[in-house]
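So that the names make sense, note that chain A is the first sequence line, chain B the second, and so on, each numbered from 1. A quick note: this is a predicted structure, and the numbers were derived from the prediction, not measured.
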There are 2 protein chains.
Amino acid sequence: MSDEAPLAFARHDHSHCAADTLARAEAEAARLGLRLTPVRRRVLEILLEAHRAMGAYEVLDRLAAEGFGNQPPVAYRALEFLVENGLAHRLRRLNAFAACMHPGEDHAPVFLICRVCDAVAEAPGAPVRAALDHAAADLGFAVERVNIEAVGLCPVCARGEAA
Amino acid sequence: MSDEAPLAFARHDHSHCAADTLARAEAEAARLGLRLTPVRRRVLEILLEAHRAMGAYEVLDRLAAEGFGNQPPVAYRALEFLVENGLAHRLRRLNAFAACMHPGEDHAPVFLICRVCDAVAEAPGAPVRAALDHAAADLGFAVERVNIEAVGLCPVCARGEAA
DNA sequence: ACATGGGCGTTACCTTATAACAATTCGCTT
DNA sequence: AAGCGAATTGTTATAAGGTAACGCCCATGT
Ligand SMILES: [Zn+2]
Ligand SMILES: [Zn+2]
Ligand SMILES: [Zn+2]
Ligand SMILES: [Zn+2]
């Protein structure tokens with residue numbers, strides 16, 4: 001159902017990519033009995049427009065331009081809803097949010113953030129998470145929530161820098 | 001020279017712990033030819049007072065009370081200096097800073113943050129980092145900087161919750 | 001019809017962070 | 001010892017990120 005490798009850094013038909021991910025998010029929302037209201041759905045669509053993270057205020061500007069509320073809570077509430085229900089992720093390093101590319105899949109994402117083109121990829125992080133759990137267990141620490149984010153160069157931009 | 005297991009969650013002689021870590025930080029600063037000025041040194045001491053993270057404004061209040069500047073850049077610059085030179089760490093999840101407990105050791109820290117008592121431990125994260133590098137390499141992504149932070153329950157507070 | 005609760009819009013405010021400039025101090029050369 | 005450029009500090013001002021609290025509306029169930 002889902003791609004094995006993230007497409008974020010590869011050229012691909014993104015309109016298909018976004019539509020497909022939105023469809024999977026809608027299916028997941030239905031399965032969980034969530035109310036994907038117009039604002040929430042629109043925010044998810046906006047996040048899906050690119051493999052980038054967006055700040056809450058950037059999202060808010062878009063909403064306001066489309067006739068939704070124009071105050072911060074409007075954006076923050078929709079974003080929080082999406083994050084809480086696994087349809088989006090929060091990138092603490094960027095104070096920003098990105099659509100989840102694997103809705104409903106129970107994944108342990110590692111975020112790879114390109115410092116040149118700002119692309120964000122959600123890499124499979126099960127082994128990373130396992131190593132983390134092990135390190136925590138050694139200290140008797142019970143992990144509940146995790147943020148694993150890496151900043152660096154994506155393959156495309158790496159070629160550019162080499163020049 | 002350094003402890004194998006972090007003490008953060010264990011009862012220990014913290015005044016000795018802090019003094020020792022400060023001494024190692026000073027040695028490292030000397031080795032690198034860094035200028036550990038009064039503000040910078042004081043900020044490090046403040047961070048070392050507890051195994052907690054402190055917000056920049058909390059640090060600033062302390063500085064101001066002691067006759068240093070009372071404007072945000074004073075705190076942010078000192079904190080940035082400490083972070084850049086490996087004497088402190090920034091916890092993006094908390095918008096806060098903590099003293100490095102292993103200055104000069106070239107460690108790959110994983111931060112364990114207790115949501116009850118706010119204690120922060122710096123766990124050895126070499127295996128986690130290795131797993132992350134591997135995941136990134138699969139995508140051709142060159143990792144430069146990393147944030148690995150976990151929120152959960154420290155062993156002490158876990159006993160409390162069980163009751 | 002009516003009560004209930006969730007979601008949305010708004011006001012108001014708080015916290016976190018940075019840009020830019022001036023005055024000073026430091027480390028070094030002459 | 002004087003002088004110079006670079007680094008550091010203090011200050012002003014403002015940008016960016018985030019939340020509390022209130023009331024209205026609408027969907028749902030009785
Ligand atoms: Zn795509
Ligand atoms: Zn995801
Ligand atoms: Zn200690
Ligand atoms: Zn450290």
Side-chain angles (χ1 to χ4, degrees), chain A residues 29-30 32-47 52-85 87-98 113 115 118 147 149 151, chain B residues 29-30 32-47 52-85 87-98 113 118 145 147 149 151:
Chain A
L32 295 175
L34 303 176
R35 291 182 54 193
L36 202 51
T37 63
V39 208
R40 292 169 177 172
R41 193 194 143 102
R42 190 69 194 110
V43 168
L44 182 54
E45 288 173 2
I46 290 170
L47 292 181
R52 281 205 311 116
M54 285 182 86
Y57 281 76
E58 202 179 344
V59 170
L60 178 59
D61 286 345
R62 297 285 305 273
L63 291 177
E66 298 175 19
F68 294 97
N70 62 356
Q71 297 305 315
V74 173
Y76 279 104
R77 282 195 291 236
L79 289 165
E80 181 187 17
F81 171 88
L82 295 173
V83 170
E84 291 283 300
N85 295 107
L87 304 181
H89 297 291
R90 183 170 196 163
L91 291 128
R92 316 295 308 208
R93 185 133 190 158
L94 303 176
N95 292 326
F97 301 81
I113 305 164
R115 67 169 158 80
D118 291 325
N147 281 88
E149 306 175 9
V151 174
Chain B
L32 295 176
L34 303 176
R35 291 181 52 192
L36 202 54
T37 63
V39 210
R40 291 167 177 175
R41 192 194 144 103
R42 190 71 194 108
V43 168
L44 184 53
E45 288 173 0
I46 291 170
L47 292 182
R52 281 206 309 116
M54 284 182 87
Y57 281 78
E58 201 179 343
V59 170
L60 178 59
D61 287 345
R62 298 284 305 273
L63 292 177
E66 298 174 20
F68 294 96
N70 63 353
Q71 297 305 314
V74 173
Y76 278 102
R77 282 195 292 237
L79 289 166
E80 181 187 17
F81 171 89
L82 295 173
V83 170
E84 290 283 299
N85 294 106
L87 305 181
H89 298 290
R90 184 171 194 160
L91 290 130
R92 315 300 298 212
R93 196 146 176 143
L94 303 176
N95 292 326
F97 302 81
I113 305 164
D118 290 325
R145 323 196 83 180
N147 280 87
E149 307 175 8
V151 174

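With axes fitted over five pairs at each extremity, the angle between the ends of the helix from C:dA1-D:dT30 to C:dT30-D:dA1 is 20° (10° resolution).
Taking atom CZ on A:F68 and atom C1' on C:dT10, their separation rounds to 17 Å, with Å as the unit. D:dC25 atom C1' lies 12 Å from atom CZ of A:R35, rounded to whole Å. For B:E84 and D:dT8, the CD to P distance is 12 Å, given to the nearest whole Å. In this structure, the CD atom of A:E66 is 15 Å from the P atom of C:dC8, given to the nearest Å. When the C1' atom of C:dT15 is taken as reference, atom CE of B:M54 falls 15 Å away, rounded to whole Å. Look at CG on A:D61: it is 13 Å from C1' on D:dG17, rounded to the nearest Å. Straight-line distance from the CG atom of B:L36 to the C1' atom of C:dG27: 17 Å, rounded to whole Å. For the pair B:E80 CD and C:dT16 P, the computed distance is 18 Å after rounding to whole Å.
Side chain of B:R40 to backbone of B:R35: a donor-acceptor contact under 3.5 angstrom is found. A donor-acceptor contact shorter than 3.5 Å is absent between the side chain of B:E149 and the backbone of B:I113.
Among the nucleotides D:dT19, C:dT18, C:dG9, the one closest to any side-chain atom of A:Y76 is D:dT19. Checking C:dA19, D:dA7, D:dT9 against the side-chain heavy atoms of B:V39 singles out D:dT9 as nearest. Among the nucleotides C:dC8, D:dT9, D:dA21, the one closest to any side-chain atom of A:R40 is C:dC8. Proximity note for B:T37 (side chain, C-beta onward) versus C:dG9, D:dT9, C:dT11: the nearest is D:dT9. Comparing C:dA17, C:dT18, C:dT10 against the side chain of A:N70 picks out C:dT10 as the nearest.
Summarising the local packing, CZ of A:R115 is surrounded by more than 12 heavy atoms from other residues, nucleotides or ligands at distances under 6.0 Å.
Within 4.0 Å (heavy atoms only), A:R90 reaches sugar-phosphate atoms of the nucleic acid but no base atom. Nucleic acid contact class of A:R92 (heavy atoms, under 4.0 Å, all strands): none.
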Next on the checklist: Evaluate A:R77 against A:E80 for salt bridge (charged side-chain N to carboxylate O under 4.0 Å, His left out), listing each step before the verdict.
Outcome noted: CA-CA 5 Å; A:R77 282 195 291 236; A:E80 181 187 17; over 6 Å; no
Item to check | Residues B:Y76, B:L60; criterion side-chain contact (heavy atoms from CB on, under 4.5 Å); working and verdict | outcome: CA-CA 8 Å; B:Y76 278 102; B:L60 178 59; over 6 Å; no
Next on the checklist: If you apply the rule side chain to side chain donor-acceptor pair (under 3.5 Å), what do you find for A:N147 with B:R93, and how did you get there?
Outcome noted: CA-CA 8 Å; A:N147 281 88; B:R93 196 146 176 143; 2.2 Å; yes
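Summary of the strand contacts: B:A78 and A:Q71 both lie near DNA chain D, and taking for each the nucleotide with the nearest heavy atom, the more 5' one is attributed to B:A78. Residue order along DNA chain C, read from the 5' end via each residue's closest nucleotide, puts A:F81 first among A:F81 and A:G69.
The nearest pair of heavy atoms linking A:A64 to A:N70 is CB-CB, 3.5 Å. Closest non-hydrogen pair, B:L91 versus B:A98, comes out as CD1-CB, 3.8 Å.
Applying the 4.0 Å criterion to OP1 and OP2 of D:dT19, one finds that A:R77 has every side-chain N and O outside that range. Residue B:N95 places no side-chain N or O under 4.0 Å from the OP1 or OP2 atom of D:dG17.
One can find a donor-acceptor pair under 3.5 Å joining the base of C:dA17 and the side-chain atoms of B:Y57.
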